[in-house]
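Before any comments, here is the structure.
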Amino acid sequence: MTTLFPKPEHSTVPILGSELTFPVRRVYCVGRNYAAHANEMGHSEREAPFFFTKPADSLVINPKTIPYPSMTEELHHEVELVIAINQELSDADESEAEACIYGYALGIDLTKRDLQAAAKDQGRPWDLAKGFDQSAPISPILPLDNLADIERGPISLSVNDKLRQQGDLADMIWSSVEIVEELSRHITLKPGDLIFTGTPSGVGSIERGDRVVANLNQTLDLNFIIE
Ligand code: MN
């Protein structure tokens, strides 16, 4: 059978040091996973991790520019560790969750904060505040040698050379392994799934012409201009 139109192409993320690429299946994101960010968003109690998604084709690999999106006047940056899953698993225990994390990347969960706030007020879904075109800039994936590399280490984002977000992976309320365990109780994770693990405090607005530079563990970075 011939398809009505060409099959949609999956996003693929380069893997550092490899000729292989990482084909993306789905993109999950964790909300409020650093205490200081939860506080700045008006929440103070530890809660179970909660999840939302972005379309897989909202990823942009190592972009040089990102267009300022339509339908917002308050575009926010959220710098995040992203973990890459390469095994199927459901209802995982800790060791199974560890084993399925192939590698990690640096990502930015771009957010239309004004739309998100309105959706929250109205008890409506956030989807279009989070999952718009090019809303998920991401670095290449670094294969994980040592679990410690995603358990601690500096993560930061600056805008026009001014530091906005500076955190440490050790301050994540739910670790990457715990996030995988919890998500795998809800859905069957599959190879190609990416998980944005939440942002430290300091989220804020970006405007046309701003240069955004982000860094994780002094090994992964992103550097682009909002157009
Ligand atoms: Mn986020």
Side-chain angles (χ1 to χ4, degrees), residues 11 13 24 26-44 46-60 63 66 69 72 74-85 104-120 124-139 141 150 153-159 164-176 178-180 182-183 186 193-206 210 212-217 220-222 224 226:
S11 299
V13 184
V24 176
R26 299 175 295 191
V27 178
Y28 289 92
C29 305
V30 180
R32 298 197 288 264
N33 198 28
Y34 289 77
H37 172 62
N39 290 341
E40 76 183 350
M41 299 303 288
H43 299 266
S44 57
R46 190 179 200 241
E47 55 188 349
F50 70 91
F51 298 91
F52 59 93
T53 62
K54 291 187 186 244
D57 66 0
S58 65
L59 292 167
V60 251
I66 292 280
T72 185
E74 193 182 20
L75 178 67
H76 271 205
H77 53 77
E78 297 189 356
V79 65
E80 310 200 4
L81 165 74
V82 182
I83 52 178
I85 304 296
Y104 64 101
L106 174 63
I108 299 179
D109 168 15
L110 290 174
T111 302
K112 296 177 180 176
R113 193 70 74 200
D114 47 356
L115 264 63
Q116 186 194 32
K120 284 181 181 176
R124 290 180 178 169
W126 296 354
D127 295 45
L128 295 181
K130 288 288 195 178
F132 50 93
D133 295 348
Q134 303 191 51
S135 59
I138 189 171
S139 74
I141 289 170
I150 54 169
I155 182 166
S156 64
L157 180 143
S158 44
V159 179
R164 294 266 190 96
Q165 294 190 266
Q166 184 173 35
D168 195 290
L169 302 181
D171 296 328
M172 287 166 59
I173 296 170
W174 300 95
S175 71
S176 293
E178 290 172 324
I179 287 166
V180 170
E182 176 68 12
L183 185 53
H186 291 271
D193 289 342
L194 295 177
I195 307 172
F196 280 63
T197 60
T199 195
S201 61
V203 300
S205 287
I206 35 183
D210 284 348
V212 177
V213 176
N215 190 282
L216 173 60
N217 281 346
L220 294 173
D221 39 49
L222 285 167
F224 58 85
I226 304 290

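Read the numbers this way: they start at 1 and go in the same order the structure lists the ligands and their atoms. Scope of the values below: all heavy atoms of this structure, side chains included, with no hydrogens, waters or symmetry mates.
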Sphere of radius 2.8 Å around the Mn ion (ligand 1) - protein N, O or S atoms inside: Glu78 OE1, Glu80 OE2, Asp109 OD2
Donor-acceptor pair, side chain of Asp221 and main chain of Ala214, under 3.5 angstrom: no
Side chain Thr197, main chain Ser176, donor-acceptor under 3.5 Å: no
Residues which pass side chain to side chain donor-acceptor pair (under 3.5 Å) with Glu182, listed by chain and number, not counting sequence neighbours: Arg185, His186
Any residue meeting salt bridge (charged side-chain N to carboxylate O under 4.0 Å, His left out) with Arg26, in chain and number order, not counting sequence neighbours: Asp193
Any residue meeting salt bridge (charged side-chain N to carboxylate O under 4.0 Å, His left out) with Lys130, in chain and number order, not counting sequence neighbours: Glu78, Asp109
Val27 vs Val82 side-chain heavy atoms within contact, under 4.5 Å: no
